[in-house]
Amino acid sequence: MQSDDGEDYHPSDGWRMRHHHLQKGQLWERICAEARQDAMMEPRLATFLHSVVLSHRSVEAAFSFLMAAKLADSMMLGPVQIMTIFREAYDNDPSILEAGLADLQAVIDRDPACSKYSQCLLYFKGFQAVQCYRVTHWLWRKGRKALALAIHSRVCQLFDVDIHPGARIGRGVMLDHATGIVIGETAVVGENVSMLHHVSLGGSGTGRGVRHPNIGHGVLLGAGVIVLGPVNLGAGSKVGAGSVVVSDIPEHCVAVGVPAKIIKCTSKGE
Amino acid sequence: MQSDDGEDYHPSDGWRMRHHHLQKGQLWERICAEARQDAMMEPRLATFLHSVVLSHRSVEAAFSFLMAAKLADSMMLGPVQIMTIFREAYDNDPSILEAGLADLQAVIDRDPACSKYSQCLLYFKGFQAVQCYRVTHWLWRKGRKALALAIHSRVCQLFDVDIHPGARIGRGVMLDHATGIVIGETAVVGENVSMLHHVSLGGSGTGRGVRHPNIGHGVLLGAGVIVLGPVNLGAGSKVGAGSVVVSDIPEHCVAVGVPAKIIKCTSKGE
Amino acid sequence: MQSDDGEDYHPSDGWRMRHHHLQKGQLWERICAEARQDAMMEPRLATFLHSVVLSHRSVEAAFSFLMAAKLADSMMLGPVQIMTIFREAYDNDPSILEAGLADLQAVIDRDPACSKYSQCLLYFKGFQAVQCYRVTHWLWRKGRKALALAIHSRVCQLFDVDIHPGARIGRGVMLDHATGIVIGETAVVGENVSMLHHVSLGGSGTGRGVRHPNIGHGVLLGAGVIVLGPVNLGAGSKVGAGSVVVSDIPEHCVAVGVPAKIIKCTSKGE
């Protein structure tokens, strides 16, 4: 596909920095500029924007601070503990931040209701839940399952987005609206995937092996889509809202219905 | 339709005060009487009922106080700020309160599980989310989009009801149970509309113009209904639970299924 | 059905303690052992695990403490009030705890992603919401409806699980993931029922009598299933994800689709 900026690119190829994407430093400058403007235009938000954005030195510092305030509770983990865990994750594994910045760019690229990076960073619970998942997944891989599950439960309660720390999720993912999304323990989600609220990537049966779906690059899952069991959704495929998918979908095909049936297949990028 | 009280009235005509509806002052007296009785019967709730209802002078003062306590967080907006914003909205635009009282009456008229005005006011997150929307929409129209989006994000997290501040919603609306409801930026919802939990009025495509549905007066949307794109649902139409609507529905017709098909059309009020 | 441990048992028979199930005392010892191990392996959780588990003498004391911390808010009911209500319920009606322990065992038996009792007790909002329901139902039956509805509204907001205090729910119930589940006022749910997230047991019409479903023992309701009106789902029946059920399903039958159609019926336990 020839995209707007003349690049030969299709989301089903996987994540790639594109001409119009911002480098990390530029992106942080942009977020600060947006926050300064909002603070000036809306003094009621000035204290918030200063404490959450403008008093920090990097996007990962700001975001760790924000999540610390949101996820902390009086009983389980205090804000300093949460912030420390997030900072450790970002420091130890640079791919977490790289993926997070790709997710941020993905929302700007794909959501017509979002024109500001700061809006996504500060307010979108789908974006925030994915970043929390990235940290719990890091804990999970390091064998710190008890801590991963504790934070996961707090995220489920707060955002109503339930991504198991064991799932694997690529870069450039957008969870729009996000309420009610469930992604199971052995699910694999590729890069550039977009899913709307109430999407489930659920398990079938009670076997102990892989029991959840495998979602290819650039897939779009409409609101309320339920995908069940270890099925494959090929790169670039699309599933219409309210569909139930219980079998494979080939690359670049469109499926709809309960159960979902393929209604169209195209060459890549058509 | 000849209704119970002998009025010639149908919800698809739009909102109207009916014989059995309470005027603002009567309604506030009723709420106070209910709260006094509950406080007497259940002393564990007495402090709450006094601080949230009985110590106030009007329904809008009580409700602003309640929302201040619910929406405030330690970081973004404190309770005094929230309460001030709600009071400003109610003072500046009397149609916000008028619409809210119609919403309250709508729940009493239509929800068989709710017999007390105070129960709806204090406990129903669908009702509370709509009132928060009415305030964020007032901010949005005044160009205070940053503040509108900040409060909107807080409401989404708290109630899991996602009504974009830009949407337009008429009087006498009931959101029953309400979890997971999503109403997009350019959606228009008429008067006397009832929708159950998990209803989505979603966008199609990424165009910048009108990309969400237009819902007529008196429409009923069952649990889990997804309406996608700039389609029209005529006044008095009904959509069965779990349906996906991607094309227009004429007035007073009933549609069900994935995708929804019209199964019946009637004269108004049959 | 001959189950793994040689017992002649099927979930549609109703709840029963089985050979591998733990007695109350054993179960509490197991939870404490799990908490001690997690506290040792993950010091960041040690304070939490001590205050919520290890400093208590029984599972009901620990759980009442946990719910007190979660449900308390600055305005409605403080932690001491919540804890007192839970303790009163457990003390007055031993069947509440018995049912709760059966629910805990059910999650271990049926959820392949949960291997620890403490994980379910501390983190699963579906389990926690059912236990809160059991307490509000006790209040409801004693005529303390105002208090039941107050706590119910807090649970809805916190967990996004909306179980009306008037519903009747048997032992050994599992609500998996749980976000968006709605169970109406006159619904009856048997024993050993499993339901996934977004399941609705909804009312039809506005009549004042029984207007919600009756779900038999051992029924399985997939993600997003909507059951509407006073229909009967026979013991051991299963409904596929995303289905809408508006008529009876016989015992041991499987139904799928919108509207759901029966695709298979078997002898018990086949």
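Chain A is the first sequence line, chain B the second, and so forth, proteins listed ahead of strands; every chain is numbered from 1.
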inquiry  = Using a 4.5 Å heavy-atom cutoff, which residues in residues 66-89 of chain A come close to chain C?
reply    = A:Met75, A:Met76, A:Leu77, A:Gln81, A:Thr84, A:Ile85, A:Glu88
ask   = Using a cut-off of under 4.5 Å for heavy-atom pairs, which of A:Val258, A:Val244, A:Asp162, A:Val182 has the most such pairs with chain C?
value = A:Val182
task = Could you pull out the closest heavy-atom pair between C:Lys125 and A:Cys156, with the gap in Å?
result = NZ-O, 3.5 Å
inquiry  = Are the side chains of C:His197 and A:Asp160 in contact, using a 4.5 Å heavy-atom criterion?
reply    = no
task = Pull out the residues in residues 147-154 of chain A that come under 4.5 Å of chain C, heavy atom to heavy atom, sorted by number.
result = A:Leu147, A:Leu149, A:Ala150, A:Ser153
ask   = Counting only heavy atoms not in A:Arg141, do more than 12 fall under 6.0 Å of its CZ?
value = yes
remark   = C:Ala223 and A:Ile226 have their tightest heavy-atom pair at O-CD1, 3.3 Å
ask   = For C:Leu45, is it the side chain, the backbone, both, or neither that has a heavy atom closer than 4.5 Å to a heavy atom of chain A?
value = side chain
inquiry  = Atom NZ of residue position C:Lys116 - does it have more than 12 heavy atoms of other residues, nucleotides or ligands inside 6.0 Å?
reply    = yes
Residue C:Val52 versus chain A: region with a heavy atom under 4.5 Å = side chain
query = Between CD1 of A:Ile181 and NE2 of C:His177, what distance do you get to the nearest 0.5 Å?
reply = 13.0 Å
ask   = A:Gln157 versus chain C, heavy atoms under 4.5 Å apart: side chain, backbone, both or neither?
value = both
request  = Pick whichever of C:Asp176, C:Leu158, C:Asp38 has the most heavy-atom pairs under 4.5 Å with chain A.
outcome  = C:Leu158
